[in-house]
Amino acid sequence: MKSLNSLNLIWNNFKDPQRVKFLVKLIKKEIESLGKSLNLMEFCGGHTHVILKYGIDELLKDYVNFVHGPGCPVCVIALERVDLALELAKKPEILLCSYGDLMRVPGSKGHTLVSLRAEGYSIKAVSSSLETLKVAKEFPEKKIIFFAIGFETTAPHTAVLIKEAYKNKIDNLFVISNHILAVKVLDFLLKSEKKPFVEAIIGPGHVSTITGSKIYESIVKEHNIPIVISGFEPLDLLQAIYLIVKQKRENRCEVEVQYTRSVTKEGNPKAQALLEEVFIIRDRFPWRGFGDIPFSAYGINSKYEILDAEKRFPLDISKLEENPHCLCAKVIKGIKKPTDCKLFKKICTPQNPLGPCMVSSEGACLAYFKYKVGNLYV
Amino acid sequence: MKVEKILLSHGGGGEETLALIKNFFLKYFDNPILGNLEDSAIILNSFSKLAFTIDGFTVKPIFFKGGNIGKIAVTGTINDLVVMGAKPLYLTVGFIIEEGFKIGDLEVILQTMKEEAIKNGVTIVAGDTKIVPKGEVDGIFITTAGIGEILYEGISCKNLVSEDLIILSGSIGEHGACILAEREGIGVEIDLESDCNSLFSLVEPLFESRLEIHAMRDPTRGGLSATLHEWAYASSVVILVEEEKIPVKPQVRAFCEAFGFEPYHLACEGRVVIALPEKEASKALALIRKHPLGREAQIIGKVIKKSSFPQVLLKTLYGTHRILENTSGELFPRIC
């Protein structure tokens with residue numbers, strides 16, 4: 001634990017109240033000379049949670065308006081994909097594995113993987129893709145489907161699983177890829193008619209460790225909007241905001257990396273090679289709140305199609321309407337805040353979530369529920 | 001023949017059961033009441049108000065740094081009595097033991113229970129043992145029930161009022177971090193002991209001082225956050241605590257950072273949280289700090305107002321306010 005203790009010192013530095021106060025002051029001063037407040041979108045749900053947990057929005061009130069972005073992989077999973085998972089899980093020969101957060105996202109009929117599991121269907125939450133190899137060995141009589149979710153961050157893990165299963169000829173393990181591409185949704189959002197007013201973007205930290213910062217260059221150029229990739233500690237975010245404000249002050253518009261301890265321009269070439277080998281880019285893929293976005297998700301390459309559960313267990317899932325009162329689709333796009341939703345905190349709670357933004361540990365609604373002190377309550 | 005492992009026949013009710021009771025349970029717990037081996041213990045009516053409670057203990061691992069399931073089974077029930085203003089007097093103990101459990105391990109557990117009972121002046125007056133086939137219980141489960149005499153009346157989680165201050169007796173989360181660190185899937189070396197301890201000697205001077213005390217709780221399962229939420233809900237108040245004031249050992253902080261927990265949600269087994277009027281707080285704090293278990297005691301916050309929207313708020317290190325989330329859902333089974 002000695003090593004954990006020394007890490008603790010480093011972590012403390014990233015949270016240091018003195019430095020936080022200093023940076024807040026500096027940012028405010030810069031924004032004052034800019035002459036107007038700034039509308040920033042933090043792409044990542046992870047960033048949203050840090051902002052609300054530490055009250056960074058409160059610290060920068062009247063200076064920065066945070067618009068919460070679509071970077072929460074569970075939140076943007078289309079309802080029809082959730083239904084697909086639920087339908088597959090109901091087949092008697094199948095044991096469905098997925099990451100924990102998806103387990104509680106309700107499908108169109110209100111069921112969740114957790115509620116199906118309680119009815120006796122074979123469903124398992126895993127914390128790593130490779131755990132499903134063990135599951136496959138443990139339940140040879142079952143067909144194991146790994147329902148893979150996540151941005152570029154988790155896609156390489158799935159790629160490794162697919163390669164391992166293929167190499168070792170594991171014949172009862174299959175994968176459904178719901179891996180989605182951060183830069184595509186960002187581009188789509190900025191191009192769409194109904195979009196929030198955003199003057200700069202706090203770019204995703206973990207996605208960028210894989211992709212590198214270079215993938216955002218075209219977006220910055222096309223939409224004339226600065227992107228600064230940030231880490232996940234309070235000081236990371238404040239420093240990223242400072243860099244954004246500086247770009248604005250100096251009339252620059254660039255991709256910058258604040259999170260230099262993890263993110264390079266080129267990203268992780270090994271992971272990129274894996275993605276290239278195992279996946280192909282789908283022509284289109286459904287997103288919650290956005291509908292179909294062209295070229296926005298990974299499918300499994302034909303070389304590995306023997307493992308592709310979408311081909312092996314084809315199901316016709318009809319598109320169903322979302323709960324008309326649930327604002328998740330708009331929250332994801334940054335058009336509405338969680339507190340705008342009539343269901344928020346009343347009917348929709350973490351114990352009884354109606355939409356994915358209240359389920360996911362990166363969801364904006366959950367962040368507001370967990371941390372935000374409403375005016376009503378103080 | 002020396003018996004090394006618990007056998008199913010130890011639960012049969014005959015010779016072997018008697019041998020187990022005489023050679024092991026009585027060896028550690030013998031006293032004139034238990035020694036009678038009657039169907040129930042006859043205890044003296046103290047002619048005063050009694051507190052009576054029961055708690056089951058299933059902690060895994062059975063032996064952890066700073067204690068074992070036996071220690072926690074005694075201190076846990078003692079603490080439940082203590083926080084209601086009682087002086088613990090008698091305990092009864094039920095064991096459910098898995099076939100094949102090592103007698104040596106059982107003796108270590110019994111020895112610890114004996115020591116804790118003596119330390120706290122409580123007598124174990126009745127007991128029960130069940131042995132179940134392998135696989136039907138994980139090693140050993142212990143249930144203890146306890147009776148205590150009320151020394152200080154009127155403590156209740158419904159009693160908090162505006163302006164009450166909240167005192168915390170020491171750093172939080174050590175028991176929870178210790179247990180979780182050994183869990184499958186986490187498994188880290190942690191330079192930390194569980195805070196598992198009886199609270200009677202710590203708070204006895206408070207009872208004697210007759211200071212006005214409104215509420216008292218040991219923040220076990222669910223940690224500090226769950227205790228504060230129970231109070232907020234029961235008393236319909238908003239409580240504000242300050243991150244800066246809440247003692248957390250660096251090891252616990254590091255553990256939480258690494259695994260995404262918050263110390264406020266981790267269980268304590270030897271800490272107490274007290275709510276009392278502002279005018280009593282400094283005297284109470286001084287009394288608590290005199291005790292070795294209370295040296296790090298702090299006033300961590302206050303009740304800010306009566307409200308039909310009970311809430312617990314946290315003032316962060318940056319001066320911002322956020323909700324202190326209540327413990328919910330997935331949090332780990334079997335920490336006590």
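Owing to the predicted nature of the structure, the values given are computational and were not obtained by experimental measurement. We name chains A, B, ... by the order of the sequence lines, and we start the count at 1 in each one.
In this structure, the portion of A:E233 lying under 4.5 Å from any heavy atom of chain B is its side chain and not its backbone.
In this structure, A:K28 places its NZ atom where more than 12 heavy-atom neighbours from other residues, nucleotides or ligands lie under 6.0 Å away. Within a 6.0 Å sphere centred on NZ of B:K306, heavy atoms belonging to other residues, nucleotides or ligands number more than 12. In this structure, B:K279 places its NZ atom where more than 12 heavy-atom neighbours from other residues, nucleotides or ligands lie under 6.0 Å away. Residue-environment remark: CD (B:E244) stays at or below the threshold of 12 foreign heavy atoms within 6.0 Å.
Between A:L52 and B:R322 the shortest heavy-atom distance is O-CB, 4.3 Å. Looking at every heavy atom in both residues, A:K372 comes nearest to B:I323 through O-CD1, 3.1 Å.
Each of A:L59, A:I56, A:V24 was compared with B:Y318 under the side chain to side chain contact (heavy atoms under 4.5 Å, CB included) criterion, and only A:L59 meets it.
From A:Y371, atom OH reaches atom CG of B:L324 across 10.0 Å, with rounding to the nearest 0.5 Å. B:L317 CG to A:Q18 CD: the interatomic distance, rounded to the nearest 0.5 Å, is 10.5 Å. Rounded to the nearest 0.5 angstrom, B:T316 OG1 and A:K15 NZ are separated by 12.0 Å.
With sequence neighbours left out, B:K245 forms a side-chain contact (heavy atoms from CB on, under 4.5 Å) with B:E242, B:I300.
When each of A:S127, A:S361, A:P234 is scored by its heavy-atom pairs under 4.5 Å with chain B, the top score falls to A:P234.
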